[in-house]
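See below for the structure under consideration.
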Amino acid sequence: MSIKTRFAPSPTGYLHIGGVRTALFSWLHARHHGGAFVLRIEDTDRERSTQESIDAILEGMGWLGLDWDEGPQYQTEHFDRYAELADKLIEEGKAYRCYCTKEELDEMREQQVARGENPGYDGRCRDRLDARDSVDPVVRLRTPDTGSVEIDDLVRGHVSFDNDMLDDLVIVRPDGTPTFHFGVVVDDADSGITHVIRGDDHLNNTARHMHLQDALGLDRPVYAHLPMILGEDGSRLSKRHGAVNVLEYREQGYLPEAVLNYLVRLGWSHGDQEVFSVDEMIELFDVKDVNASASKFNPEKLTWLNQQYIMAAEPPDLIPGLLEQMAKVGIDPSRGPAPQQVIETYRERAETLRELAMSAEYLYADNIPLDEKAAKKNLRPVVKEALTSLRDAFAELDAWNAEAIHQAIQDVADKHELKFGKLGQPVRVAVTGTGVSPPIDATVELVGRERTLVRLEKALDYIGEQGG
RNA sequence: GCUCCCUUCGUCUAGCGGUAAGGACGCGGCCCUCUCAAGGCUGAAACACGGGUUCGAUUCCCGUAGGGAGCGCCA
């Protein structure tokens, strides 16, 4: 049988990084087995579902390259189907209308907790014959009181739940809309999902879903419950742990491949390998290798991977992303060197595209701020003469390239009996305003002759002001 | 409270009865070097605890402790 998996987010917020990992594993499972991947939007909660969320999910999936073969399906389009099946269950006596009010239920739970019991619906409407006019009923599934449900989970192994711990769950709300439980079970069956891969926060629900499947006479899909991703402090991953919205990573200049690579290593591994191309993930991934324990999100490692991907990329592939970041940082790319050159000489010291753009800012500006500390330390009277003759040498240079620039610096340094670095560092500060940059010859080349001469002049003025 | 799940360096993990417990991020040191990176070498750093089973347990079983999830007319 051909394998089919799905990712079924609810559109009640942005696409969460934990959700992405779930999507990735489902997607990889389908791709690895040459099966199909379905995207289904679980929008049965009409109160909280928004179009913005749907857009964010679609955009996030697209950015990451997690493509789907079917969908996006919307559960709101299947309402007739749910209603039909709910009626059938009631007719068959497998479900019933419950007229309890929220107040009644709250009171019931309170008492149960007080008695030290697992709170749950006690089935008081199971045999009710009369309708209550004052309340619109929900529909509940009649679940067995005795026995147990057995789950054979691909990552957890065998898990068993006693039925007396499972109450009669609501499958249809008073307004006729289905609950999540009913929607998933019906849709998974209708679209022929063979493997349900989801977060282990659903492990308890799976037992209930199996009862629903039994009532509906459906075959059960195979389940795989993935461990959670927690924040660095071990609590549930949330905003206070940094970015949890995937699109936020795009904003910050992360590459989608890096995000996927980081995520695939949370709960899954292949020997000692750390870096996986998407093709390698597809080839090597197997849900059976997923481990059962939760993992904590480690931003430093993601950042390291991002840098690895930036360094390994084909420079032209990075141009669109860099231009995006330049725009955000306020750089006009037409006022300096070609982005590709910047990528080639700056990328190994940038952890994100954002950082790459920012580190090249002085290549595109006419006026640059001088870092006071670096200036004080390096722009001193001792190098005034050397800097002056270097300026003259630069002005007369035939070819403006790193090699010629390097030679000029070397010659001037020799003439003034300075080591290369003793001259190079002052030049760096003069030309970039800071003490940090790529090799000075490549940097000067990209700054350009005109700006270099102006900046050297300014540096000489600075030395003069300092009493040189 | 009840049910279910989890437990190897700070973090992600390898291990699948006999290992000097391996790798990666991060951290420290050294090398390279015009700065910063990158890269290379290197150091510190872990089997939660207690019982079993076994000739032998990180590995299998049972407890304890700790952590997580669920207990909705949210998904």
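Atom set for the values below is all heavy atoms of this structure, side chains included, hydrogens, waters and symmetry mates excluded.
Not a single side chain to side chain donor-acceptor pair (under 3.5 Å) links Q341(A) to another residue, sequence neighbours left out. For D122(A), the salt bridge (Lys or Arg N to Asp or Glu O under 4.0 Å) partners two or more places apart in sequence, or in a different chain, are R124(A). Scanning for side chain to side chain donor-acceptor pair (under 3.5 Å) contacts around D371(A) gives an empty result, with sequence neighbours left out. Residues passing the side chain to side chain donor-acceptor pair (under 3.5 Å) test with R220(A), sequence neighbours excluded: D214(A). For F276(A), the ring-ring contact (aromatic ring centres under 6.0 Å, His included) criterion is met by W268(A), not counting sequence neighbours. By the side chain to side chain donor-acceptor pair (under 3.5 Å) test, K296(A) is found to be paired with no residue, residues two or more places apart in sequence or in another chain being considered.
For the pair H406(A) NE2 and C34(B) P, the computed distance is 8 Å after rounding to whole Å. What separates CG of N261(A) from C1' of C25(B) is a distance of 12 Å, to the nearest Å. The nearest whole Å value for the distance from the NZ atom in K419(A) to the C1' atom in U33(B) is 10 Å. As a whole-Å value, the separation of E150(A) CD from C4(B) P is 12 Å. C36(B) atom C1' lies 9 Å from atom CD of Q425(A), rounded to whole Å. Remark: P of C34(B) and CG of N378(A) are 15 Å apart, rounded to the nearest angstrom.
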Test salt bridge (Lys or Arg N to Asp or Glu O under 4.0 Å) applied to D175(A) and R46(A), step by step: CA-CA 11 Å; D175(A) 64 0; R46(A) 297 174 314 160; 3.1 Å; yes
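Counted within 6.0 Å of CD on E314(A), heavy atoms from surrounding residues, nucleotides or ligands total 12 or fewer; the atom is thus considered open. Open room surrounds CZ on R97(A); 12 or fewer heavy atoms of other groups in view lie less than 6.0 Å from it. More than 12 heavy atoms of other residues, nucleotides or ligands shown are found within 6.0 angstrom of CZ on R142(A).
Straight-line distance between the C1' atoms of A57(B) and U8(B): roughly 14 Å, to the nearest whole Å. The gap from the C1' atom of U54(B) to that of C61(B) amounts to 12 Å, rounded to the nearest Å. One C1' atom belongs to C25(B), the other to A46(B), and the distance between them is 16 Å to the nearest Å. With both ends at atom P, the span from A48(B) to G26(B) equals 26 Å, rounded to whole Å.
Ring orientation note: the planes of F25(A) and F285(A) are tilted relative to one another, at an angle of 30° to 60°. The aromatic rings of Y249(A) and F297(A) sit tilted, their planes meeting at an angle between 30° and 60°.
Residue F161(A) is in sugar-phosphate contact alone, with no base atom involved, counting any heavy-atom pair closer than 4.0 Å across all strands shown. Residue contacts shown for V138(A) include a base, since a base heavy atom lies under 4.0 Å away. Base engagement by R48(A) is indicated by at least one non-hydrogen atom pair under 4.0 Å involving a base atom. Here R140(A) lies in heavy-atom contact (under 4.0 Å) with sugar-phosphate atoms only. Using a 4.0 Å heavy-atom criterion, one finds that G424(A) contacts no nucleic acid atom at all. Counting non-hydrogen atoms under 4.0 angstrom, S359(A) reaches nothing in the nucleic acid. Among the protein residues, T303(A) comes within range of no part of the nucleic acid, since none of its heavy atoms lies under 4.0 Å from any strand. Across all strands, L266(A) comes closer than 4.0 Å only to sugar-phosphate atoms, never to a base (heavy-atom distances).
Pairing for U54(B) is absent, judged as Watson-Crick or G-U wobble with the two contacts each under 3.5 Å. Nucleotide U19(B) forms a pair with no other nucleotide shown, judged by Watson-Crick or G-U wobble geometry with both contacts under 3.5 Å. Base pairing annotation: C36(B) forms no Watson-Crick or G-U wobble pair, as no partner gives both donor-acceptor distances under 3.5 Å. Base pairing analysis places G70(B) opposite C2(B); the two distances defining the Watson-Crick or G-U wobble pair are each below 3.5 Å. With a 3.5 Å ceiling on both atom-pair distances, the Watson-Crick or G-U wobble partner of C25(B) is G10(B). Base pairing analysis places A48(B) opposite U64(B); the two distances defining the Watson-Crick or G-U wobble pair are each below 3.5 Å.
Comparing C73(B), A75(B), U13(B) against the side chain of E42(A) picks out A75(B) as the nearest. Comparing C5(B), C6(B), U35(B) by their closest approach to the side chain of P439(A) singles out U35(B).
Residue Y262(A) is the one, among A8(A) and Y262(A), whose nearest nucleotide of RNA chain B lies closer to the 5' end (criterion: closest heavy atom). Nearer to the 5' terminus of RNA chain B, by closest-nucleotide assignment, is the contact made by G267(A) (compared with the other of G267(A) and E274(A)).
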Could you list the donor-acceptor pairs under 3.5 angstrom formed by side chains in residues 403-416 of chain A, with sequence neighbours left out?
from    : atom 1 : to      : atom 2 : distance (Å)
H406(A) : ND1    : D441(A) : OD2    : 3.0
Q407(A) : NE2    : D411(A) : OD1    : 3.0
Q410(A) : NE2    : D414(A) : OD1    : 3.2
H416(A) : NE2    : S389(A) : OG     : 2.9

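The six-membered or imidazole ring of Y254(A) lies away from that of Y309(A), with a centre-to-centre distance of 6.0 Å or more. Proximity of the aromatic rings of F180(A) and H202(A) is defined here by a centroid distance below 6.0 angstrom, and this criterion is met.
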Output one line per pair: protein atom, nucleotide atom from nucleotides 19-22 of chain B, and distance, for all N/O pairs under 3.5 Å.
from   : atom 1 : to      : atom 2 : distance (Å)
G22(B) : N2     : D272(A) : OD1    : 3.0

Distances for protein N/O vs nucleotides 45-49 of chain B N/O pairs under 3.5 angstrom?
none

Produce the list of close N/O pairs, under 3.5 Å, pairing protein atoms with atoms of nucleotides 26-28 of chain B; give distances to one decimal.
none

Once each nucleotide of nucleotides 60-70 of chain B is scored for protein heavy atoms under 4.0 Å, what B/S/- sequence comes out, 5' to 3'? --------SSB
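Residues of residues 428-438 of chain A having a heavy atom closer than 4.0 Å to RNA chain B, listed by number: R428(A), G435(A), V436(A), S437(A), P438(A).
Residues R156(A) and P227(A) have side chains in contact (heavy-atom distance under 4.5 Å, counting atoms from C-beta outward). Residues I57(A) and P11(A) have side chains in contact (heavy-atom distance under 4.5 Å, counting atoms from C-beta outward).
The pair R126(A)-D145(A) meets the salt-bridge criterion, with a side-chain N (NZ, NE, NH1 or NH2) lying under 4.0 Å from an Asp/Glu carboxylate O.
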